[in-house]
There are 2 protein chains.
Amino acid sequence: MSDKIISPFFGQHNHAHCTQEALEQAEVSCAGKGLKLTALRKEVLTIVWQTHKPVGAYDVLEELRTRGHKPSPPTAYRALDFLVHAKLIHRLASLNAYIGCPAPDEGHQGQFLICTQCKSVAEIEDLRIIKAIDATAASTGFNANRQSIEITGLCGACESQT
Amino acid sequence: MSDKIISPFFGQHNHAHCTQEALEQAEVSCAGKGLKLTALRKEVLTIVWQTHKPVGAYDVLEELRTRGHKPSPPTAYRALDFLVHAKLIHRLASLNAYIGCPAPDEGHQGQFLICTQCKSVAEIEDLRIIKAIDATAASTGFNANRQSIEITGLCGACESQT
DNA sequence: CACCTTTTTGTTATAGTATTACATAACAGT
DNA sequence: ACTGTTATGTAATACTATAACAAAAAGGTG
Ligand SMILES: [Zn+2]
Ligand SMILES: [Zn+2]
Ligand SMILES: [Zn+2]
Ligand SMILES: [Zn+2]
């Protein structure tokens with residue numbers, strides 16, 4: 001199979017399960033890499049995982065405030081940067097926002113399907129895309145090391161509501 | 001041939017020719033579509049085409065100032081938005097910057113190779129990537145209408161200097 | 001434990017990117 | 001010339017992100 005859908009989360013599902021599993025994976029992953037998933041970082045990760053919609057840094061700040069913290073921007077950005085480097089979340093450049101990664105230990109680069117209607121984002125990993133990029137890069141002598149692939153459109157659920 | 005390099009501009013070439021051709025194509029393209037390429041818009045397009053490096057909106061403002069204008073941010077953003085909609089330039093979301101499109105009439109979506117060393121950007125159009133995306137989108141019921149594909153790495157010229 | 005080093009978090013200020021709202025000017029058709 | 005439309009000018013503001021330094025917490029060592 002040449003493509004794999006990591007998070008096909010356009011539509012109904014048991015989201016409490018998503019969040020719980022993400023947190024458990026995060027604990028294991030950080031322990032394995034010697035990274036410290038502090039209380040603050042875990043709380044930010046929980047906030048990011050509240051939905052499958054991307055969350056901005058200032059959304060995180062706002063949410064932290066409702067939880068009793070009095071954070072300044074660096075607090076959110078530092079936690080988010082940690083989570084990005086730990087590969088627990090991804091940053092969506094086209095939206096200036098972050099989204100939880102459902103498969104943090106696979107060392108993948110994110111490829112994202114962004115629904116303009118419901119704002120949900122699904123992460124995919126399509127080996128054909130990766131191979132096509134590697135092949136093109138190689139043919140031009142370009143040495144690729146990071147990909148930002150963000151596809152915008154309408155998810156099936158939203159399209160059928162039209 | 002499944003992939004096509006639109007602008008393989010990592011390295012030496014006659015750049016005056018790039019700029020001149022881009023401006024001529026812009027005139028023709030706008031005339032054909034009934035779009036008005038005003039003096040200001042043409043000047044901004046020229047600024048964007050000064051190099052193959054992406055140019056930020058505030059870079060454009062700065063450059064307009066050296067040319068005798070006294071512009072405010074909306075002046076630059078409006079001209080850049082026009083040029084994006086006219087498909088004469090592309091916006092690189094991962095850099096908050098703009099770059100000239102060397103093939104404005106082909107109705108393509110940009111795919112970009114961004115060199116972190118020399119900052120140059122090449123635009124490519126790889127049909128395998130597009131097909132892979134369409135196939136994945138179709139298989140999930142996702143209706144894609146815009147792609148943002150930005151590959152970061154080292155161009156051949158920069159890598160051989162290491 | 002007391003001490004030192006490193007990492008994390010708090011705090012203030014500021015830099016960088018982009019848009020809103022409204023006024024004026026240029027343009028196109030009558 | 002008159003009128004509606006599009007483009008540009010201008011001022012203010014909103015949104016996104018980082019720098020610089022202080023304080024606190026965590027971890028290791030004797
Ligand atoms: Zn879920
Ligand atoms: Zn949707
Ligand atoms: Zn050139
Ligand atoms: Zn280079």
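Heavy atoms only: backbone and side chains are in, while hydrogens, waters and symmetry mates are out.
- A straight line from CG of A/Leu80 to P of D/dA17 spans 9 Å, rounded to a whole angstrom.
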* How does protein reach along nucleotides 5-14 of chain D, written 5' to 3' as B (base within reach of a heavy atom under 4.0 Å), S (only sugar-phosphate), or - (no contact)? -> --SBBBB---
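- In this structure, A/Asp59 places its CG atom 8 Å from P of D/dT16, rounding to the nearest Å.
- The CG atom of A/Leu92 sits 11 Å away from the P atom of D/dA17 (whole-angstrom rounding).
- Judged by distance alone, the side chain of B/Ser72 and the main-chain N or O of B/Pro74 form no donor-acceptor pair under 3.5 Å.
- Under a 4.0 Å N-O distance rule, the pair B/Lys42/B/Glu27 qualifies as a salt bridge.
- Comparing the end axes of the helix from C/dC1-D/dG30 to C/dT30-D/dA1, each fitted to five base pairs by superposing C1' atoms of four pairs onto the next four, gives an inter-axis angle of 30° (nearest 10 degrees).
- If you measure from atom OH of A/Tyr77 to atom P of C/dG10, you get 17 Å, rounded to the nearest angstrom.
- A donor-acceptor distance shorter than 3.5 angstrom exists from the side chain of B/Asp59 to the backbone of B/Gly56, with no hydrogens or angles considered.
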List the atom pairs, with distances to 0.1 Å, where a side-chain N or O of residues 60-68 of chain B and a protein N or O form a donor-acceptor pair under 3.5 Å, not counting sequence neighbours.
from    : atom 1 : to      : atom 2 : distance (Å)
B/Glu63 : OE2    : B/Gln50 : NE2    : 3.4
B/Glu63 : OE2    : B/Arg67 : NE     : 3.4
B/Arg65 : NH2    : B/Pro71 : O      : 3.1
B/Thr66 : OG1    : B/Glu63 : O      : 2.7

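- With B/Gln111 contributing its side chain and B/Glu123 its backbone, the two residues share no donor-acceptor pair below 3.5 Å.
- Listed by chain and residue number, nothing satisfies the ring-ring contact (aromatic ring centres under 6.0 Å, His included) test with B/Tyr77 (two or more places apart in sequence, or in another chain).
- With rounding to the nearest 0.5 Å, the separation of CG in A/Asp81 from CZ in A/Arg41 is 10.5 Å.
- Following rounding to the nearest Å, B/Glu62 (CD) and C/dA15 (C1') show an atom-to-atom distance of 15 Å.
- Atom CG in A/Leu37 sits about 13 Å away from atom C1' in C/dT8, given to the nearest Å.
- For B/Glu21, there are no salt bridge (Lys or Arg N to Asp or Glu O under 4.0 Å) partners at least two apart in sequence or on another chain.
- At D/dC15, none of the side-chain N or O atoms of A/Asn96 fall inside 4.0 Å of OP1 or OP2 (strictly under the cut-off).
- C/dT9 atom P lies 14 Å from atom CG of A/Leu61, rounded to whole Å.
- Per the geometry, CG belonging to B/Asp81 stands 10 Å off P belonging to C/dT20, to the nearest Å.
- Listed by first then second residue, pairs satisfying ring-ring contact (aromatic ring centres under 6.0 Å, His included) with a partner in residues 115-162 of chain A read A/Phe142-B/Phe10, not counting sequence neighbours.
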